[in-house]
There are 2 protein chains.
Amino acid sequence: MKGAAMDVLIVEDDPLHRSYLHEQVKAALPECSTIYEAENGQQGEALARTHRSAHIVMDLQMNARNGIEAARTIWRERPDTRILFWSNYADEAYVRGVSRIVPNGAAYGYVLKSTSEERLKLALRSIFIENQCVIDNEVRGMQQRSFAQTSGFSDSEYEILMDIALGMTDRAISDRRHLSLRSVQNRLQQIYSKLDVHQAADSPREEGAFNLRARAVTVAMLRKLLNYGALEKAEAELQHWLRGR
Amino acid sequence: MKGAAMDVLIVEDDPLHRSYLHEQVKAALPECSTIYEAENGQQGEALARTHRSAHIVMDLQMNARNGIEAARTIWRERPDTRILFWSNYADEAYVRGVSRIVPNGAAYGYVLKSTSEERLKLALRSIFIENQCVIDNEVRGMQQRSFAQTSGFSDSEYEILMDIALGMTDRAISDRRHLSLRSVQNRLQQIYSKLDVHQAADSPREEGAFNLRARAVTVAMLRKLLNYGALEKAEAELQHWLRGR
DNA sequence: CAAAACTCTGCGGGTTCCCGCAAGCCTAAT
DNA sequence: ATTAGGCTTGCGGGAACCCGCAGAGTTTTG
């Protein structure tokens with residue numbers, strides 16, 4: 001394991017960041033013999049397959065196919081692949097997306113692009129050599145808040161939040177999720193209260209100024225609970241579901 | 001004008017991109033004596049004020065204060081400032097935001113981060129030396145589509161699109177925009193048709209699956225007509241308006 | 001086992017939304 | 001001047017939404 005040749009696959013669309021990563025990997029991992037580079041998720045999947053890569057550094061938020069999608073298919077084929085996610089943001093949508101797809105017992109990491117070289121190098125060694133997880137502090141904080149009961153969303157609530165974000169009717173949601181109409185509306189109540197949107201007054205005389213359903217979506221976006229990538233993915237799933245009926 | 005000393009201000013939050021810009025500016029503009037750097041919009045405004053910068057390269061999408069906001073206050077103080085916007089994306093929301101704030105006759109540019117070094121250098125010289133506008137082809141294409149009648153939104157429609165995105169009630173919108181309730185709803189009809197959202201069937205048996213108002217917001221997001229920055233800005237304005245009544 | 005706690009569901013009503021119909025105002029074209 | 005087309009507003013109704021109340025079913029807890 002120590003003397004074995006190691007190769008690393010970098011998946012990152014920004015050429016500047018890609019070459020920076022290349023440098024950092026070379027410096028942090030002298031035992032690494034070869035470095036492959038891909039500039040989007042699709043290329044990443046392809047290269048991972050042909051080179052049987054077990055060590056990957058991956059950006060989230062790429063054009064052709066985002067990092068979460070790519071990681072999911074890669075992990076489906078090889079659950080022991082070690083992936084270090086290297087992202088600009090710690091949006092809850094990303095954190096939730098990642099921790100939703102990581103296989104049991106797999107080693108992975110999540111560090112922000114703004115971290116120091118030192119911490120990046122340390123993360124590279126920890127994951128690829130020591131096979132242990134490394135999560136940036138800020139991301140970890142997000143996880144805590146996310147899965148705690150305080151303002152934390154259950155998976156089913158999150159699902160329905162996505163549905164109203166897509167613009168689905170209560171009726172359509174109840175069809176899709178196999179719930180009664182009233183149950184969907186109950187979930188919506190919980191969502192509204194957790195997002196702290198109310199139509200009555202929180203400030204004086206702010207009468208019925210909000211359409212709760214639309215308001216919930218935007219505060220979710222503003223709180224980084226939803227983001228463009230999550231929306232895009234959900235829309236694709238919705239279209240798929242619409243076809244099958 | 002030719003022999004005059006020129007200094008350039010770079011406003012960009014990503015250190016890698018910042019130093020790349022630094023190199024490119026130095027290479028493209030030998031007549032440039034000093035280069036200042038700021039890592040967000042606030043710093044950018046401050047530096048522009050103290051150094052009386054007339055030549056600025058600015059990223060959109062920064063943490064503390066985004067490029068459009070910063071550019072607006074800078075241009076308000078010195079309308080003859082020349083600004084080159086250097087962005088990752090050509091979202092309609094950005095393009096619209098920029099062209100909304102550029103003063104009459106000011107020279108500005110909009111190039112994507114993915115353009116070649118050559119074109120970046122050319123843009124720098126065109127704007128800062130020749131004082132003429134340079135808009136990337138892809139961005140230009142966006143402008144065409146945006147302001148043409150085809151799927152093009154008038155300013156008032158765009159305004160109301162933002163309002164429903166924020167989750168406002170028809171009634172609240174009519175208050176805010178000084179329109180009758182019915183007029184707001186008419187605008188909404190136009191918006192729905194331009195975004196091509198309908199509740200009837202476009203594919204067979206897709207009965208009333210969509211809540212038009214919420215659906216419109218997401219397709220606008222998916223089409224890059226809206227994005228996070230625009231939402232954030234609109235939310236701030238909304239809060240301000242809410243206070244004043 | 002029984003009690004408490006939580007979830008799913010139906011009913012009902014008040015409100016908001018979606019939108020067709022139609023009448024007044026304005027600008028532009030014939 | 002007359003006509004056509006656009007924009008604004010009112011009215012009215014069917015549908016969807018928001019939500020309190022209350023009864024079943026399931027899980028948790030003592």
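Here the structure is a predicted model, which is why all the values come from computation and not from measurement.
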Calculate the interatomic distance between [X] atom [atom1] and [N] atom [atom2]; express it in whole Å.
X       : N       : atom1 : atom2 : value
H198(A) : dG20(D) : NE2   : P     : 11 Å
R215(A) : dC18(D) : CZ    : C1'   : 17 Å
R213(B) : dA15(D) : CZ    : C1'   : 14 Å
L212(B) : dT16(C) : CG    : P     : 19 Å
L188(A) : dG20(D) : CG    : P     : 13 Å
I173(A) : dC8(C)  : CD1   : P     : 15 Å
R171(A) : dT9(C)  : CZ    : C1'   : 13 Å
Y192(B) : dG20(C) : OH    : C1'   : 16 Å

### Summary
Applying salt bridge (charged side-chain N to carboxylate O under 4.0 Å, His left out) to D163(A) and not counting sequence neighbours gives R176(A), R177(A)

Check whether [Y] forms a cation-pi arrangement with [X] (NZ or CZ under 6.0 Å from the six-membered ring centre, at most 45° off the ring normal).
X       : Y       : answer
R96(B)  : Y158(B) : yes
R82(A)  : F128(A) : no
K224(B) : Y228(A) : yes

### Task
Give the ring-plane orientation class for F85(B) versus Y110(B), where under 30° counts as parallel, over 60° as perpendicular and anything between as tilted.
tilted

What are the atom names and distances for every N/O pair under 3.5 Å that joins the protein to nucleotides 7-11 of chain D?
unit_1  : atom_1 : unit_2  : atom_2 : d
dT8(D)  : OP1    : R187(B) : NH2    : 3.3
dT8(D)  : OP2    : R187(B) : NH2    : 3.4
dT9(D)  : OP2    : S180(B) : N      : 2.8
dT9(D)  : OP2    : S180(B) : OG     : 3.2
dT9(D)  : OP2    : S183(B) : OG     : 2.4
dT9(D)  : O5'    : S180(B) : OG     : 3.1
dT9(D)  : O4     : N186(B) : ND2    : 3.4
dG10(D) : O6     : R182(B) : NE     : 3.3
dC11(D) : N4     : R182(B) : NE     : 3.2

### Task
Would you sort out whether K113(B) and D59(B) count as a salt bridge (charged side-chain N to carboxylate O under 4.0 Å, His left out), showing the intermediate values?
CA-CA 9 Å; K113(B) 289 191 179 179; D59(B) 188 20; 3.5 Å; yes

